[in-house]
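Counting convention: from 1, in listed order, for ligands and their atoms alike. We number each residue from 1, following the sequence as shown. In this text, all values refer to a predicted model and were calculated from it rather than measured experimentally.
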Amino acid sequence: MSNISGAYPVHVAIIMDGNGRWAKKRFMPRIAGHKAGVESLRKIIEETGDLGIKYLTVYAFSTENWNRPKDEVNGLMNLLVNYIDNELNNLNKNGVRLNILGDMSALPTKVREKVEMALVETNKNTKLTLNIALNYGGRDEIIRAVKSIYNQGDSELIDNLDEDIFSRFLYTANIPDPDFVIRTSGEVRISNFLLWQLAYSEMYFTETLWPDFGVSEYHKALDSFKNRKRRFGKI
Ligand code: IPE
Ligand code: IPE
Ligand code: MG
């Protein structure tokens, strides 16, 4: 007896890793790898929408990525601004609603304003929700939720606190947990991504570097998901 659903995930999350190594292999600067990574992202977003998957979350910049050289951090911020400038029309055309997971207040003003504009401009789209984890850390998110609950000053809230209520104080409030997580580049770790939300997610690791991750490999990963037997602690 099998309880394999054969269905696509509702929510896919991706740790887009390996841009730097992709560039290094080609004797190019790391930022060239990040640029190539944006191209991969563009294709994966389009395919995700076409497949009818409702949520895509991509890890773009962690709370720890600030510890990279200043040039690389600035380069990544500029890439994000360019991405929005170049892609906003396409996102709207494809029904993609943009959402940010992470602390936007720490972003450079120019970047924050651009992102806020894109959030407003794509707000009415319903085909696919694209969550960009930006200045995101799973531990940071949990601490913020705890503080935010405490700051309500509502003892009833504390008394009734359960997993559902707690989830409403996370960046992912009202978003179902990822069913499937893909990490590229051969690293087999979580790197502070969605620590709470990944409790029962299916994981997929591939050696492919993110700029080389294309639609056919995406399908291969999704086929693997379709054959998973999810038990959620039951038998
Ligand atoms: C992932 O690629 C993108 C970000 C973390 C912003 P990396 O930049 O981590 O690439 P590698 O891991 O050094 O190859
Ligand atoms: C995770 O990749 C963060 C993103 C993909 C944005 P890292 O390259 O920062 O992770 P570690 O340092 O290898 O764990
Ligand atoms: Mg990396």
Side-chain angles (χ1 to χ4, degrees), residues 11-45 48 55-84 86-87 98-104 106-108 110-112 114-115 118 130-144 170-172 175 178 180-198 201-214 217-218 221:
H11 184 172
V12 175
I14 305 181
I15 303 175
M16 310 182 287
D17 199 10
N19 296 347
R21 278 162 284 168
W22 184 93
K24 191 165 182 227
K25 272 193 354 197
R26 288 164 177 74
F27 307 100
M28 287 156 86
R30 290 179 58 86
I31 196 70
H34 296 311
K35 276 191 193 143
V38 172
E39 291 309 309
S40 278
L41 177 61
R42 196 196 312 276
K43 290 179 212 149
I44 295 302
I45 292 171
T48 304
Y55 299 89
L56 175 65
T57 299
V58 294
Y59 205 1
F61 194 89
S62 74
T63 47
E64 288 73 43
N65 288 148
W66 295 108
N67 298 318
R68 294 188 177 199
K70 215 169 163 225
D71 274 1
E72 181 165 348
V73 171
N74 289 340
L76 284 165
M77 294 294 154
N78 287 334
L79 262 187
L80 176 65
V81 169
N82 291 342
Y83 173 77
I84 292 173
N86 295 333
E87 281 304 300
L98 196 65
N99 187 38
I100 299 292
L101 313 180
D103 175 20
M104 288 207 286
L107 299 175
K110 187 185 76 166
V111 180
R112 201 187 57 239
K114 185 64 77 176
V115 169
L130 172 64
N131 300 123
I132 301 185
L134 185 62
N135 187 22
Y136 174 87
R139 289 184 171 180
D140 178 67
E141 179 183 37
I142 290 169
I143 296 287
R144 277 164 195 278
L170 297 170
Y171 293 124
T172 49
I175 297 170
F180 192 45
V181 183
I182 298 170
R183 184 170 189 151
T184 58
S185 88
E187 309 300 347
V188 187
R189 55 175 172 262
I190 294 295
S191 301
N192 207 7
F193 189 45
L194 301 173
L195 295 180
W196 171 277
Q197 297 88 342
L198 301 189
S201 306
E202 295 294 324
M203 317 288 288
Y204 184 91
F205 297 97
T206 170
E207 294 287 328
T208 305
L209 303 174
W210 176 248
D212 291 328
F213 189 87
E217 182 148 8
Y218 191 31

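Nearest protein heavy-atom neighbour of atom 14 (O) of ligand 2: Ser191 OG, 2.6 Å. With hydrogens left out, the protein atom closest to atom 9 (O) of ligand 2 is Asn65 ND2, 3.0 Å, a heavy atom. Given atom 8 (O) of ligand 1, the protein heavy atom at minimum distance is Arg68 NH1, 2.7 Å. Atom 6 (C) of ligand 1 has as its closest protein heavy atom Ala60 O, 3.3 Å. At the shortest separation from atom 10 (O) of ligand 1 among protein heavy atoms lies Gly20 N, 2.9 Å. Closest to atom 12 (O) of ligand 2 among all protein heavy atoms lies Arg189 NH2, 4.6 Å.
Taking a 6.0 Å sphere around CZ of Arg139, one finds it holds 12 or fewer heavy atoms contributed by other residues, nucleotides or ligands.
The two residues Thr57 and Asn131 come nearest to each other via the heavy atoms OG1-OD1, 3.0 Å. Across Arg26 and Trp22, no two heavy atoms sit closer than the pair NH1-O, 3.0 Å. For the residue pair Ala133 and Phe193, the shortest heavy atom distance occurs at CB-CE1, 4.1 Å.
Only the side chain of Arg30 comes within 4.0 Å of ligand 1, judged by heavy-atom distances. Using a 4.0 Å cut-off between heavy atoms, Met16 contacts ligand 2 through its backbone alone, with no side-chain atom that close. Looking at Arg21 against ligand 2, nothing comes within 4.0 Å, counting heavy atoms. By the criterion of a heavy-atom distance under 4.0 Å, neither the backbone nor the side chain of Phe193 is placed next to ligand 2.
Distance check, rounded to the nearest 0.5 Å: CG of Asn78 to NZ of Lys110 gives 4.5 Å.
Not a single N or O atom of Ser62, backbone or side chain, sits closer than 3.5 Å to an N or O atom of ligand 2.
Counting just the N/O/S atoms of Asp17, the one with the shortest distance to the Mg ion (ligand 3) is named OD1.
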Test side-chain contact (heavy atoms from CB on, under 4.5 Å) on Thr172 and Trp196; report intermediate values, then the result.
CA-CA 10 Å; Thr172 49; Trp196 171 277; 5.9 Å; no
side-chain contact (heavy atoms from CB on, under 4.5 Å), that's the test. Do Leu79 and Ile31 meet it? Break it down for me.
CA-CA 9 Å; Leu79 262 187; Ile31 196 70; 4.2 Å; yes
For Val181 and Ser201, run side-chain contact (heavy atoms from CB on, under 4.5 Å): C-alpha distance rounded to whole Å, both residues' side-chain angles, the deciding distance at 0.1 Å, then the answer.
CA-CA 7 Å; Val181 183; Ser201 306; 3.8 Å; yes
Does the pair Leu80 and Phe61 meet the rule for a side-chain contact (heavy atoms from CB on, under 4.5 Å), with working shown?
CA-CA 10 Å; Leu80 176 65; Phe61 194 89; over 6 Å; no
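Ring planes of Tyr55 and His11: tilted class, angle from 30 to 60°.
None of Ile100, Leu41, Asn99 except one satisfies the side-chain contact (heavy atoms from CB on, under 4.5 Å) rule with Ile132; the exception is Ile100.
Of all atoms in ligand 2, numbered sequentially from 1 with element shown, those under 4.0 Å from a heavy atom of Phe61 are 6 (C). For ligand 1, the atoms closer than 4.0 angstrom to any heavy atom of His34 are 3 (C), 8 (O).
Using a non-hydrogen distance threshold of 4.0 Å, Ser185 does not register as a contact of ligand 1. Within the structure, the closest approach of Glu187 to ligand 2 does not fall below 4.0 Å when heavy atoms are considered.
In summary, Glu187 places no N/O/S atom under 2.8 Å from the Mg ion (ligand 3), failing the contact criterion.
Between atom 2 (O) of ligand 1 and the options Leu76, Asn19, Val73, the minimum heavy-atom separation is to Asn19.
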